[in-house]
Amino acid sequence: MSRRYTPLQSTFFEGDAEEVAQDLLGHSLVSITDGARCVGRIVETEAYPGPHDPASHAAASIGRTARNDPMFGRPATAYIHLNYGIHWCLNVVTGAEGFPAAVLIRSLEPLEGLAEMRRRRGGAGAGAGAGRPDRDLCSGPAKLTQALGIGPAMQRHRLNEPPLFIARGKQVPGDAVVRATRVGISRGAEKELRFYDGRSPCVSRKAL
DNA sequence: GAAACGATTATCT
DNA sequence: GATAATCGTTTCA
């Protein structure tokens with residue numbers, strides 16, 4: 001557990017959201033909160049490439065609002081939004097400053113700090129009688145934020161430095177990456193902008 | 001000032 | 001695998 005994690009440089013996030021979303025698979029999300037370090041391998045992402053995407057919070061029809069303002073920020077900036085009123089979701093801003101694009105991190109494969117993750121998620125136990133399998137700790141956008149202690153305090157935090165950053169990891173081979181449609185949205189659902197590691201059991205939703 | 005929606009999760013069958 | 005519940009933000013009058 002003394003392994004050193006090297007944050008990805010901000011240049012990594014300067015590219016297209018769609019491209020970054022694929023490249024992120026296999027890298028690790030590291031969170032150091034309350035003196036505990038939690039690490040998870042990124043196995044599922046979704047791209048929100050820009051204003052032309054009707055599903056984006058920064059769609060052209062919506063414009064710039066107080067909520068999506070962080071998406072217009074610099075690359076590697078954290079955009080944390082609340083959906084369904086109760087779930088926090090972590091996005092990484094991509095592209096040039098002033099251009100609203102981001103990658104939603106949907107699922108992680110727990111690597112470190114499992115005890116802490118489980119403790120944070122505490123009483124909530126998905127799968128009533130089945131207990132809490134490791135794969136369910138971070139298998140969802142809101143699950144991973146809760147497990148890693150990510151909240152509104154991290155809004156606009158830059159993800160290339162502690163206490164919350166993305167560390168370089170082993171990249172997922174191209175042939176293992178599955179491309180699929182995004183989940184839980186009504187508009188722009190046709191586009192296949194979701195990517196995940198087909199080998200991982202921690203993916204929230206398989207392809208249709 | 002009030003109503004509707006949502007990038008989901010939790011729970012049971 | 002399928003269904004109900006949940007709360008803040010956004011949007012409209």
Side-chain angles (χ1 to χ4, degrees), chain A residues 16-18 20-22 24-25 29 40 42-73 77-95 100-110 117-156 159 178-196 201-208:
Chain A
D16 226 40
E18 184 173 344
V20 174
Q22 289 183 69
L24 274 176
L25 294 176
L29 180 64
I42 298 172
V43 294
E44 186 179 5
T45 60
E46 276 183 14
Y48 291 85
H52 56 82
D53 176 17
S56 173
H57 280 173
S61 59
I62 299 175
R64 172 176 160 273
T65 68
R67 178 166 72 149
N68 61 34
D69 184 64
M71 288 182 75
F72 290 79
T77 298
Y79 167 46
I80 299 173
H81 74 87
L82 189 64
N83 79 321
Y84 286 80
I86 51 179
H87 302 301
W88 293 105
C89 297
L90 175 64
N91 300 251
V92 188
V93 176
T94 65
V103 174
L104 168 68
I105 299 178
R106 286 189 58 87
S107 304
L108 299 178
E109 188 178 306
M117 293 179 185
R118 195 163 300 173
R119 185 173 186 77
R120 284 205 186 91
R121 308 207 51 223
R132 341 170 181 77
D134 291 353
R135 49 167 253 180
D136 282 351
L137 285 174
C138 303
S139 60
K143 293 181 184 179
L144 72 90
T145 55
Q146 185 176 16
L148 298 198
I150 298 171
M154 292 298 176
Q155 187 69 280
R156 286 189 179 184
L159 293 174
V178 179
R179 184 193 62 201
T181 56
R182 289 176 292 184
V183 177
I185 58 179
S186 50
R187 294 187 183 182
E190 299 175 352
K191 303 201 172 188
E192 297 185 322
L193 291 174
R194 182 164 68 101
F195 305 93
Y196 64 88
C202 300
V203 176
S204 62
R205 202 72 181 162
K206 288 184 179 179
L208 299 176

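Chain letters run A, B, ... following the sequence lines, proteins first and then strands; every chain starts at 1. In this text, all values refer to a predicted model and were calculated from it rather than measured experimentally.
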**Prompt:** Who is the Watson-Crick or G-U wobble partner of dC12(C), with both distances under 3.5 Å?
**Reply:** dG1(B)
**Request:** When you get a sec, tell me which of dC7(C), dT10(C), dT9(B) is the closest nucleotide to the side chain of Thr65(A)?
**Result:** dT10(C)
**Prompt:** Leu82(A) near the nucleic acid: base, sugar-phosphate alone, or nothing, with a heavy-atom cut-off under 4.0 Å?
**Reply:** sugar-phosphate
**Closest nucleotide among dT10(C), dT9(B), dG6(B) to the Tyr84(A) side chain** = dG6(B)
**Prompt:** In terms of side-chain geometry, is the basic nitrogen of Arg179(A) or Glu192(A) positioned less than 4.0 Å from the acidic oxygen of its partner?
**Reply:** yes
**Asked** Can you tell if the side chain of His57(A) reaches within under 4.5 Å of the side chain of Thr65(A), non-hydrogen atoms only?
**Response** no
**Prompt:** Within the structure, does a side-chain N or O atom of His81(A) lie under 4.0 Å from either OP1 or OP2 of dA7(B)?
**Reply:** no
**Item:** Check: Asp16(A) side chain, Thr94(A) main-chain N or O, donor-acceptor pair, under 3.5 Å
**Value:** no
**Prompt:** Across the strands shown, which category fits Ala55(A) at heavy-atom distances under 4.0 angstrom: base, sugar-phosphate, nothing?
**Reply:** base
**Complete:** Whole-Å distance, Asp136(A) CG to dG1(C) P, equals 13 Å
**Message:** Is Arg121(A) close enough to dA10(B) that one of its side-chain N or O atoms is under 4.0 Å from OP1 or OP2 there?
**Reply:** yes
**Fill in**
In Watson-Crick or G-U wobble terms, with both distances under 3.5 Å, the base opposite dT6(C) is none
**Item:** Derivation and outcome, side-chain contact (heavy atoms from CB on, under 4.5 Å), residues Leu108(A) and Leu148(A)
**Value:** CA-CA 10 Å; Leu108(A) 299 178; Leu148(A) 298 198; 3.8 Å; yes
**Item:** Separation of atom CG in Leu104(A) from atom P in dA7(B), rounded to whole Å
**Value:** 11 Å
**Request:** Decide yes or no, distance alone: a donor-acceptor N/O pair under 3.5 angstrom between the base of dA7(B) and the side-chain of His87(A).
**Result:** no
**Integer-rounded Å distance: dT6(C) C1' and Asn83(A) CG** = 11 Å
**Message:** Less than 4.0 angstrom between a side-chain N/O of Arg67(A) and OP1 or OP2 of dT10(C), yes or no?
**Reply:** yes
**Asked** Considering only dA10(B), dT8(B), dT11(C), which nucleotide approaches the side chain of Ile62(A) most closely?
**Response** dT11(C)
**Message:** Rounding to an integer number of angstrom, what distance separates dC12(C) and dA7(B) when you compare their P atoms?
**Reply:** 16 Å
